[in-house]
Engineer: 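Can you read through this structure? Questions will come right after.
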Amino acid sequence: MKKIKLTAVVSAYNAEKKLAKCLNSLKFCDELIVVHNSSTDNTESVAKKYTDSIFTRPNNPMLNVNKNFGITKASGEWVLYLDDDEQVTPELAKEIKEITSQKDAADGYLIPRKNIIFGKWIEHTGWYPDYQLRLFKKGKGKFAEIHVHELVSIDGLVGKL
């Protein structure tokens, strides 16, 4: 049995048109978990093409409740969380694999996010790099459940990719 090093977690709602790109970019992970937030479209059938680890839950207005639920289901030493409209580039995937192999790695990592709005990368005016803490050791990271757009908080050292 293969040891699970890296688990990707995605929480999805009505994401049938964008979810495949997200999940396809996570093929380098050892485990993939999708929290299906009771979508009314074909989100669940898209997810089934990539993983059997799909957990259906009510679509909670406090989005971080279902994100945290997915994180608790991860069995890897590391967790990579993405929203259903985000993707990992091949270069980032390579860097994540390298970091998660190091014994002296930090407890969590900030990842520079490119914001694409109406098909255009918003590269200036403070939109890039839009660092998001999305990679962390299991048990070290959790989303606050206070406001909708709360970030992951880490118990430990944080680095940057």
Engineer: Should Glu44 and Asn42 be marked as a side chain to side chain donor-acceptor pair (under 3.5 Å) after you check the CA-CA gap, both sets of side-chain angles, and the distance that decides it?
Structural biologist: CA-CA 6 Å; Glu44 186 174 21; Asn42 293 316; over 6 Å; no
Engineer: Does the salt bridge (charged side-chain N to carboxylate O under 4.0 Å, His left out) test come out yes or no for Glu86 and Arg134, once each step is laid out?
Structural biologist: CA-CA 11 Å; Glu86 297 176 326; Arg134 296 300 180 85; 2.5 Å; yes
Engineer: Going through the checks in order, is the side-chain contact (heavy atoms from CB on, under 4.5 Å) test met by Phe55 and Thr72?
Structural biologist: CA-CA 12 Å; Phe55 299 90; Thr72 67; over 6 Å; no
Engineer: Closest heavy-atom contact between Ser39 and Tyr13?
Structural biologist: OG-CA, 3.3 Å
Engineer: Looking at every heavy atom in both Gly159 and Ala106, which two are closest together, and how far apart are they?
Structural biologist: N-CB, 3.8 Å
Engineer: Is the closest side-chain donor-acceptor distance between Asn14 and Glu16 under 3.5 Å?
Structural biologist: no
Engineer: To the nearest 0.5 angstrom, please state how far the NZ atom of Lys114 sits from the CD atom of Gln87.
Structural biologist: 11.0 Å
Engineer: Tell me if a side-chain donor or acceptor on Asn68 pairs with a main-chain N or O of Lys142 at a distance below 3.5 Å.
Structural biologist: no
Engineer: Once you round to the nearest 0.5 Å, how far does NZ of Lys94 lie from CD of Glu91?
Structural biologist: 9.0 Å
Engineer: Salt bridge or not for Glu77 and Lys5, using N-O below 4.0 Å?
Structural biologist: yes
Engineer: Would you say Leu110 and Val158 make side-chain contact, with heavy atoms under 4.5 Å?
Structural biologist: yes
Engineer: Nearest 0.5 Å, please: how far is CZ in Phe136 from OG1 in Thr100?
Structural biologist: 13.5 Å
Engineer: Does Asp84 reach the side chain of Ser11, with side-chain heavy atoms less than 4.5 Å apart?
Structural biologist: no
Engineer: Name all residues meeting the side-chain hydrogen bond (donor to acceptor under 3.5 Å, both in side chains) criterion together with Tyr81; count only those two or more places apart in sequence or in a different chain, and write none if there are none.
Structural biologist: Asp83
Engineer: Do Ser38 and Thr56 touch side chain to side chain, with heavy atoms closer than 4.5 Å?
Structural biologist: yes
Engineer: Look up atom CG in Leu133 and atom NZ in Lys140, then write down how far apart they are to the nearest 0.5 Å.
Structural biologist: 13.0 Å
Engineer: Are Ile96 and Leu26 linked, directly or through other ILVMFWY residues, by side chains that come within less than 4.5 angstrom of each other?
Structural biologist: yes
Engineer: With sequence neighbours excluded, what pairs up with Asp41 under the side-chain hydrogen bond (donor to acceptor under 3.5 Å, both in side chains) test?
Structural biologist: Thr43
Engineer: Testing the basics here: between Val152 and Gly141, what is the closest heavy-atom pair and its distance to 0.1 Å?
Structural biologist: CG1-CA, 4.0 Å
Engineer: Going hydrophobic residue to hydrophobic residue with side-chain gaps under 4.5 angstrom, can you get from Leu92 over to Val79?
Structural biologist: no
Engineer: Under the criterion side-chain contact (heavy atoms from CB on, under 4.5 Å), I'd like the reasoning laid out for Ile99 against Leu161: C-alpha separation, chi angles, the key distance, then a yes or no.
Structural biologist: CA-CA 9 Å; Ile99 286 291; Leu161 299 183; 3.5 Å; yes
Engineer: Looking only at atom types and distance, does a side-chain atom of Asn66 sit under 3.5 Å from a main-chain N or O of Pro58, one as donor and one as acceptor?
Structural biologist: yes
Engineer: Going by heavy atoms in the side chains, are Ile111 and Val88 under 4.5 Å from each other?
Structural biologist: no
Engineer: Please check this pair: side chain of Thr51 against backbone of Ile33, looking for a donor-acceptor N/O pair closer than 3.5 Å.
Structural biologist: no
Engineer: For residues Lys48 and Ile54, determine if any side-chain heavy atom of one lies less than 4.5 Å from a side-chain heavy atom of the other.
Structural biologist: yes
Engineer: Can you get from Leu135 to Ile4 by hopping between Ile, Leu, Val, Met, Phe, Trp and Tyr side chains that sit under 4.5 Å apart?
Structural biologist: no
Engineer: Quick one: pull up CD1 in Ile146 and CE in Met62 and give me the separation to the nearest 0.5 Å.
Structural biologist: 8.0 Å
Engineer: List the atom of Trp127, the atom of Ile122, and the distance in Å for their closest heavy-atom pair.
Structural biologist: CB-O, 3.2 Å
Engineer: Quick check: do Cys22 and Val10 have side-chain heavy atoms less than 4.5 Å from each other?
Structural biologist: yes
Engineer: Tyr128: which other cluster members, linking ILVMFWY side chains closer than 4.5 Å, directly or transitively?
Structural biologist: Ile116, Trp121
Engineer: Show the numbers, then the answer: is there a side-chain contact (heavy atoms from CB on, under 4.5 Å) between Trp78 and Lys138?
Structural biologist: CA-CA 5 Å; Trp78 286 88; Lys138 172 93 187 236; over 6 Å; no
Engineer: Is it possible for you to say whether Val35 and Leu32 belong to one hydrophobic cluster, with membership spreading through side-chain heavy-atom contacts below 4.5 Å?
Structural biologist: no
Engineer: Rounded to the nearest 0.5 Å, what separates atom OG in Ser25 from atom CG in Leu23?
Structural biologist: 7.5 Å
Engineer: Both conditions, 6.0 Å and 45 degrees, for the charged tip of Lys160 above the ring of Tyr131: are they met here?
Structural biologist: yes
Engineer: Considering only NZ, NE, NH1 and NH2 on the basic side and carboxylate oxygens on the acidic side, decide whether Lys137 and Asp107 come within less than 4.0 Å.
Structural biologist: yes
Engineer: With distance as the sole criterion, is a donor-acceptor pair present between the side chains of Thr7 and Glu31 under 3.5 Å?
Structural biologist: yes
Engineer: The test is side-chain contact (heavy atoms from CB on, under 4.5 Å); show your working for Asn60 and Asn37 and say whether it passes.
Structural biologist: CA-CA 8 Å; Asn60 193 315; Asn37 299 312; over 6 Å; no
Engineer: Is there side-chain contact between Phe143 and Val65, with at least one heavy-atom pair below 4.5 Å?
Structural biologist: no
Engineer: Please examine the side chains of Leu80 and Val9, heavy atoms only from C-beta on, and report whether any two atoms are closer than 4.5 Å.
Structural biologist: no
Engineer: Do Asp30 side-chain atoms and Leu6 backbone N/O form a donor-acceptor pair below 3.5 Å?
Structural biologist: yes
